[in-house]
Colleague: 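I'd like to ask some things about the structure below.
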Protein chains: 2
Amino acid sequence: MSGEFERIASLRRLTAGRGRGVVLGVGDDGALLEPRPGFDTVISSDLLVEGVHFRRFWMTPEQLGFKAIAVSLSDLAAMGAAPSAILLGLGLPADVDDAFLEAFYRGATALAGRFEATIVGGDLSSSPGGLFVDSVLVGHVEQGRALRRDRARDGQDVYVSGVLGTSAAGLRLLESQDVRESRPGCYDSFVRAHLAPEPRVELGRELVLRGLASAAIDLSDGLSSDARHVATASSVGIVIDGDAVPAPAGLEPALHGGEQYELLFTADVGRRDALETLSVEIGLPLARIGRADRSVTGCWIEVEGRRDPLDPAGFDHFGSMRRRPDEF
Amino acid sequence: MSGEFERIASLRRLTAGRGRGVVLGVGDDGALLEPRPGFDTVISSDLLVEGVHFRRFWMTPEQLGFKAIAVSLSDLAAMGAAPSAILLGLGLPADVDDAFLEAFYRGATALAGRFEATIVGGDLSSSPGGLFVDSVLVGHVEQGRALRRDRARDGQDVYVSGVLGTSAAGLRLLESQDVRESRPGCYDSFVRAHLAPEPRVELGRELVLRGLASAAIDLSDGLSSDARHVATASSVGIVIDGDAVPAPAGLEPALHGGEQYELLFTADVGRRDALETLSVEIGLPLARIGRADRSVTGCWIEVEGRRDPLDPAGFDHFGSMRRRPDEF
């Protein structure tokens, strides 16, 4: 295994090239980004910890690199921001070799490149425990127009993008013995939803640019937890229509499964046609699953005419592994 | 131990209040910073990994929080930037309790507050291995005026702030059996230099605002490594006068000891008087230790009239623990 300075030189090569707005990338004490008058800066970070968020034998190093970027891109998407710069903090156990690291960066830069985001820095360390990644994303959104959790208003529709629960279902498959014994790279669509989630950056941007949504959040903690975050932050109740939730793997994982990187957002009733148009244009289903209602407190779900509280069920899918905590 | 959501609520309380330029802090998918026209954004991150960069019994949780912020502030200082926002990624072993976490944040916010920087986000995770922290700092510097490694010019003086080698000497004391058996909190000045380094933010800012320096770097990898970074990036040789190096713990740790958060910078010869004035005004020794010289390649040291190559000695002070790698 090469030394740290050689690794850094190698990283400079892998991350060469200046992205949009990047004055100075990898190689100094800090990265430099030029000013963007008229835009707020959005910054978010996400940890992926071996044994907590992933197991190494589940996935290829490329997939781990991809996912590290995807989870933070999803946070930016939920704010309606366009990504620009990435910092990666990596803790590397002794058995991670240079080929692994190169493949990890290939996966990371492949996804980042699709959104014109550049790796501009970070830190490398050995790790006496498992592998971990801290993925930090910087982006920009038109000043004052970020989608925030505290902007849901009484009477608005509640939407989710894509389908829910597939990531949790994929995780169950990964945890099963069959897949443990298979090699990384052989997956069905549920496993793919878990390992290679698609961040909804384009949706977030279009919601801002077209002025279609007021509040948004990504569903990394699961619908039942994240809907509550919006309800609490916005001081409004949310009532979900269970039959409208897009749940190909069943309602339970759709409501409570975490690590799904779809967006939940609220929109005025008058925006329904415009959202249908947007859905077609970007090729992404947008399901109207409920409404914001200030006459109730907290989150509720209606299935076949019966209304029940929608409490976070702590879908503790990992057994020995702990549930992914919310970013704070 | 409280659950993750309770911890986040507690963090919101600990990090409450909006800092300078912070539109939205802890509590959404991302933090929002308002635009600063005329200023470049500087961003840097540093890992502190248990068993690599620290041992928990060496230091109080407050000191760990302090140091996590100090190391990243030092990167901003080396760019001449004023800090504004902080994200902390924390991997927490099961034996880290809420009291530890609260104390950690007390230490972090105490140092951050001195520089009007605010914790605006991050991520929390359990960690099956040791404790780790990824400290991400965002700051601002007047557009185009950041101090960069690649800006040293032939004939310039080379300066360092403070004294060198004390952190490495402190680390040796911590590694010795006496201190292992003592409780955290009882230290002499060398140990303090290692555990609670003072980031040179004010120096970096004044060098930019007064136009006194062109290149700068912090000495987190040690003088012999970091002088070489400047020499390589700037395509100029550097000759150090060994007798001028401020080395209260001896020349060896001063040249090769890492984790010292002083700045090395280069300045035109005509700035000597202005730098002496600055040194007095901010109460920080600035030692002129050498010069940039394009007639030589790489770094050299002169002691008692004899010139030798100054190669990074890989001052591998940790024994079983690996040397801190450069940020990349």
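Lettering of chains follows the sequences in order, A, B, ..., and the numbering in each one begins at 1.
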Colleague: Please round to the nearest 0.5 Å and tell me the distance separating atom CG of Asp123(A) and atom OG of Ser135(B).
Modeller: 10.0 Å
Colleague: What are the two closest non-hydrogen atoms of Ser44(A) and Gly30(B), and how far apart are they?
Modeller: CB-CA, 4.0 Å
Colleague: Does any backbone or side-chain atom of Val136(B) lie under 4.5 Å from a heavy atom of chain A? Answer side chain, backbone, both or neither.
Modeller: side chain
Colleague: Might you point out which heavy atoms bring Val49(A) and Ser125(B) nearest each other, and give the distance in Å?
Modeller: CG2-OG, 3.5 Å
Colleague: Taking every non-hydrogen pair under 4.5 Å, which of Asp150(B), Val138(B), Asp134(B) racks up the most with chain A?
Modeller: Asp134(B)
Colleague: How long is the span from the OG1 atom in Thr41(A) to the CD atom in Glu34(B), to the nearest 0.5 Å?
Modeller: 10.0 Å
Colleague: Check whether Leu87(B) gets within reach of chain A through its side chain, its backbone, both or neither, counting any heavy atom under 4.5 Å.
Modeller: side chain
Colleague: Taking only residues at least two apart or on different chains, which pairs with a member in residues 117-142 of chain B satisfy ring pair (Phe, Tyr, Trp, His ring centres under 6.0 Å)?
Modeller: Phe132(A)-Phe132(B)
Colleague: What do the steps show when you test Val141(A) against Leu32(B) for side chain to side chain contact (heavy atoms under 4.5 Å, CB included), and what is the final call?
Modeller: CA-CA 9 Å; Val141(A) 62; Leu32(B) 279 173; 4.0 Å; yes
Colleague: Who wins among Gly129(B), Pro128(B), Ala216(B), Gly38(B) for the most heavy-atom pairs under 4.5 Å with chain A?
Modeller: Pro128(B)
Colleague: A side-chain contact here means heavy atoms from C-beta on lying under 4.5 Å apart; do Asp40(A) and Pro35(B) qualify?
Modeller: yes
Colleague: Grab the two heavy atoms, one from Gly91(B) and one from Leu47(A), that are nearest each other, plus how far apart they are.
Modeller: N-CD1, 4.4 Å
Colleague: Can you name the side chain to side chain donor-acceptor pair (under 3.5 Å) partners of Arg36(A), sequence neighbours left out?
Modeller: none
Colleague: Answer yes or no: is there a donor N or O on one side and an acceptor on the other, between the side chain of Asp28(B) and the main chain of Arg149(A), under 3.5 Å?
Modeller: yes
Colleague: Below 4.5 Å, heavy-atom pairs only: which of Leu76(A), Leu137(A), Val42(A), Leu147(A) has the largest tally toward chain B?
Modeller: Val42(A)
